[in-house]
Amino acid sequence: MPIIQSILMGLVQGLSEFLPISSSAHLVFTSNFYKVFKNIPITEQSSQEVFFDIMLHLGTLIAVVIFFRKDIWEICKAMYFAIVKKDWTDHKAKSGLYIILGTIITIALALPFNGFAEHLVFHPALVGGLLVITGGVLFFSEYLSKKKDQRNENIDWKQSVMIGLAQGVAVLPGFSRSGWTIATGLFCGLTRPAAARYSFLLSIPIILGASMVYPLIKIDASEIVQYDWGSIIIGTIVSAIVGYLCIKYFMKFISKFSLNIFGWYCVLMGLFTMVFFNIFK
C-alpha cells in the first residue's frame, strides 16, 4: 500500500469518525475512488484492506480515550465506589451503567446487519444514498431541537436505550454513528455538548470490540505478518492525531452552532457519489 494512500485514509478516518458525516462511508468512497482511477475492480477487497480499516478505527479509539481520559477515570471511579457502597445515586456511576446498556443494545441490533454492512463496501453508490438519509436525520434533529425549551445535561436509561439503538442502525456505511447518536440525543432532550460527549464515550466499547475482537475472528494470523506494516502504522498514527484534533474543535463547534452544515455536506456528498459510482461501475 502506498504511503500517500495510508496517510490519506488516516486523514479521512480521523476527520470523519467524530464528525457526523460517516467515517465508514468515507473510507468506502476513498478506497473505491482509488480503485476506479487505478482500474482495480470495486468487488475486490483484500484482507489487508479490511485490517487497515480496523487499525484506522483503533487510531480514533486512541484519540477519544486520550481526549476524554478524565471523564473515563471519573466514571470508572464512581462505578467502583457505587459497587462498594451499593449506592448508584451518583450521576457519573449511572453514566457508566448507561454506556454499558447502550453498548448492549447496539450489539443486539448491529449483529444481524453486520453481513449486509460488509456487503455494502462493494456498493458505494448505495452507501451514498444512505449518507443522504443521514443528512436528512441531521436536519430533522435540528428542527425538533428548536422546539424543546428544556435541555438535560445528564442522560437517563431511556435515552441510553434510544441512542444505543441509533448506534446499532449506524453499523451500515453511510449512516453516521456520531450523526445518528448525537441527533438522537437531541431528539431525547440532551444539550448539544451532553449528546456529543455521550456519543463519543459510547463509541469506545464498540470501536474496541471491532478493533480487537473482529481481527481475531475474521483474519488469518498467518496473513497479518505479510501486511505492509509501515503504511498501516503511519495511517493509524495519522488517524489518531487528526481524530484528537477533530474531537477538540467539534466539541467547541457543537456548543455554539447547528448540525445543518454537516447535513448539507452529507446530502451533497451522497448525491455526488451516487452519480459517480453509477457512471463508473
- Message: Less than 4.5 Å apart, side chain to side chain, heavy atoms only: is that true for F175 and L172?
- Response: yes
- Partners of T191 by side chain to side chain donor-acceptor pair (under 3.5 Å), sequence neighbours excluded? E153
- Find the distance between SG (C188) and OH (Y198) and round it off to the nearest 0.5 Å. 10.0 Å
- Query: Which word best sums up how the rings of Y227 and F51 line up, parallel for under 30°, tilted for 30 to 60°, or perpendicular for over 60°?
  - Reply: tilted
- Query: In the single-linkage hydrophobic clustering (I, L, V, M, F, W, Y; side-chain heavy atoms under 4.5 Å), do W157 and I100 co-cluster?
  - Reply: yes
- Item | Chi angles and distances behind the side-chain contact (heavy atoms from CB on, under 4.5 Å) call for I83, W88 | CA-CA 8 Å; I83 293 172; W88 291 89; 3.6 Å; yes
- Task: Tell me whether the centres of the aromatic rings in F276 and F29 are closer together than 6.0 Å.
- Result: no
- Any side-chain hydrogen bond (donor to acceptor under 3.5 Å, both in side chains) involving residues 9-25? Give me the pairs, sequence neighbours left out, ordered by first then second residue. Q13-E17, Q13-T60, E17-S23, S22-S24
- Are L58 and L61 side-chain neighbours, meaning at least one heavy-atom pair lies under 4.5 Å? yes
- Where C246 and L19 come nearest, the two heavy atoms and their spacing: SG-CG, 3.5 Å
- Item | Any S160 side-chain heavy atom under 4.5 Å of I99 side chain | no
- Minimal heavy-atom distance between P112 and A108, with the atoms involved, is CD-O, 3.3 Å
- Message: Determine whether a donor-acceptor pair (N or O, by modelled atom type, separation under 3.5 Å) exists between the side chain of S239 and the backbone of L56.
- Response: yes
- Query: Between CD1 of I66 and CD1 of I247, what distance do you get to the nearest 0.5 Å?
  - Reply: 9.5 Å
- Within 6.0 angstrom of W229 CH2, more than 12 heavy atoms from elsewhere: yes
- How many angstroms lie between atom OG1 of T273 and atom CG of N278, to the nearest 0.5 angstrom? 9.5 Å
- Message: For V161 and Y98: C-alpha separation, side-chain torsions, deciding distance, then whether side-chain contact (heavy atoms from CB on, under 4.5 Å) applies.
- Response: CA-CA 8 Å; V161 169; Y98 297 150; over 6 Å; no
- Task: Please check if the distance between the ring centroids of F277 and F33 is under 6.0 Å.
- Result: yes
- Item | NZ on K252 to OH on Y249, rounded to 0.5 Å | 5.5 Å
Please tabulate, for side-chain N and O atoms in residues 130-142, each donor-acceptor pair with protein atoms closer than 3.5 Å (sequence neighbours left out).
{"residue": "T134", "atom": "OG1", "partner": "L130", "partner atom": "O", "Å": "3.4"}
{"residue": "T134", "atom": "OG1", "partner": "G174", "partner atom": "O", "Å": "2.6"}
{"residue": "T134", "atom": "OG1", "partner": "S176", "partner atom": "N", "Å": "3.4"}
{"residue": "T134", "atom": "OG1", "partner": "W180", "partner atom": "NE1", "Å": "3.2"}
{"residue": "S141", "atom": "OG", "partner": "L138", "partner atom": "O", "Å": "2.8"}
{"residue": "E142", "atom": "OE1", "partner": "R192", "partner atom": "NH2", "Å": "2.6"}
{"residue": "E142", "atom": "OE2", "partner": "R192", "partner atom": "NH1", "Å": "2.9"}
{"residue": "E142", "atom": "OE2", "partner": "R192", "partner atom": "NH2", "Å": "3.1"}
{"residue": "E142", "atom": "OE2", "partner": "L259", "partner atom": "N", "Å": "2.7"}

- Message: When you compare the side chain of L144 with that of L186, does any pair of heavy atoms fall below 4.5 Å?
- Response: no
- Should L15 and M55 be regarded as members of a common hydrophobic cluster, given that ILVMFWY residues are connected when their side-chain heavy atoms come within less than 4.5 Å of each other, either directly or indirectly? no
- Message: If you compare all heavy atoms of A166 against all heavy atoms of T184, which two are closest, and at what distance to 0.1 Å?
- Response: CB-OG1, 3.2 Å
- Message: Take a 6.0 Å sphere around CE of M162 and say whether it holds more than 12 heavy atoms from other residues, nucleotides or ligands.
- Response: no
- Query: Are I207 and M9 connected, step by step, through hydrophobic side chains (Ile, Leu, Val, Met, Phe, Trp, Tyr) whose heavy atoms are closer than 4.5 Å?
  - Reply: yes
- Check against side-chain contact (heavy atoms from CB on, under 4.5 Å), L190 and I163: CA-CA 11 Å; L190 293 175; I163 297 172; 4.1 Å; yes
- To the nearest 0.5 Å, tell me how far S199 OG sits from I182 CD1. 4.5 Å
- Message: Do S145 and F187 have side chains that approach each other closer than 4.5 Å (heavy atoms only, starting at C-beta)?
- Response: no
- Determine, stepwise, if the pair T103 / I206 fulfils side-chain contact (heavy atoms from CB on, under 4.5 Å). CA-CA 7 Å; T103 300; I206 295 301; 3.9 Å; yes
- Note on the structure: Shortest non-hydrogen pair, G179 vs P20, comes out as CA-CB, 3.4 Å
- Query: Are I75 and L201 side-chain neighbours, meaning at least one heavy-atom pair lies under 4.5 Å?
  - Reply: yes
- So, the side chain of S6 versus the backbone of I3: is there a donor-acceptor pair under 3.5 Å, distance only? yes
- Using the test side chain to side chain donor-acceptor pair (under 3.5 Å), find all partners of Q5 that sit at least two apart in sequence or belong to another chain. none
- Note on the structure: Residue pairs passing the salt bridge (Lys or Arg N to Asp or Glu O under 4.0 Å) test with at least one member in residues 96-106, sequence neighbours excluded, are none
- Task: Kindly compute the distance separating CD1 (I21) from OH (Y265), expressed to the nearest 0.5 Å.
- Result: 5.0 Å
- State yes or no: do M274 and V127 share one hydrophobic cluster built from I, L, V, M, F, W and Y residues joined by side-chain heavy-atom distances below 4.5 Å, directly or via other members? no
- Query: How far apart are the closest heavy atoms of M251 and P193, and which atoms are they?
  - Reply: CE-O, 3.9 Å
- Message: I'd like to check R177 versus F200 (side-chain heavy atoms, cut-off strictly below 4.5 Å). Are they in contact?
- Response: yes
- Item | Residue pair V169 / F113, side-chain heavy-atom distance below 4.5 Å | no
- Please confirm whether K85 makes a cation-pi placement over F81, using NZ or CZ under 6.0 Å from the six-membered ring centre and within 45° of the ring normal. yes
- Item | Test item: D90 side-chain N/O and K92 main-chain N/O as donor-acceptor pair under 3.5 Å | yes
- S231: partners by side chain to side chain donor-acceptor pair (under 3.5 Å), with sequence neighbours left out: D228
- Task: Indicate if I105 and L109 have the same hydrophobic cluster label, given that clusters are the connected sets of ILVMFWY residues with side-chain heavy-atom separations under 4.5 angstrom.
- Result: yes
- Main-chain N/O of Q159 paired with D156 side-chain donor or acceptor, under 3.5 Å: yes
- Query: Given the side-chain rings of F18 and F250, with only the six-membered ring counted for Trp, is the space between their centroids under 6.0 Å?
  - Reply: no
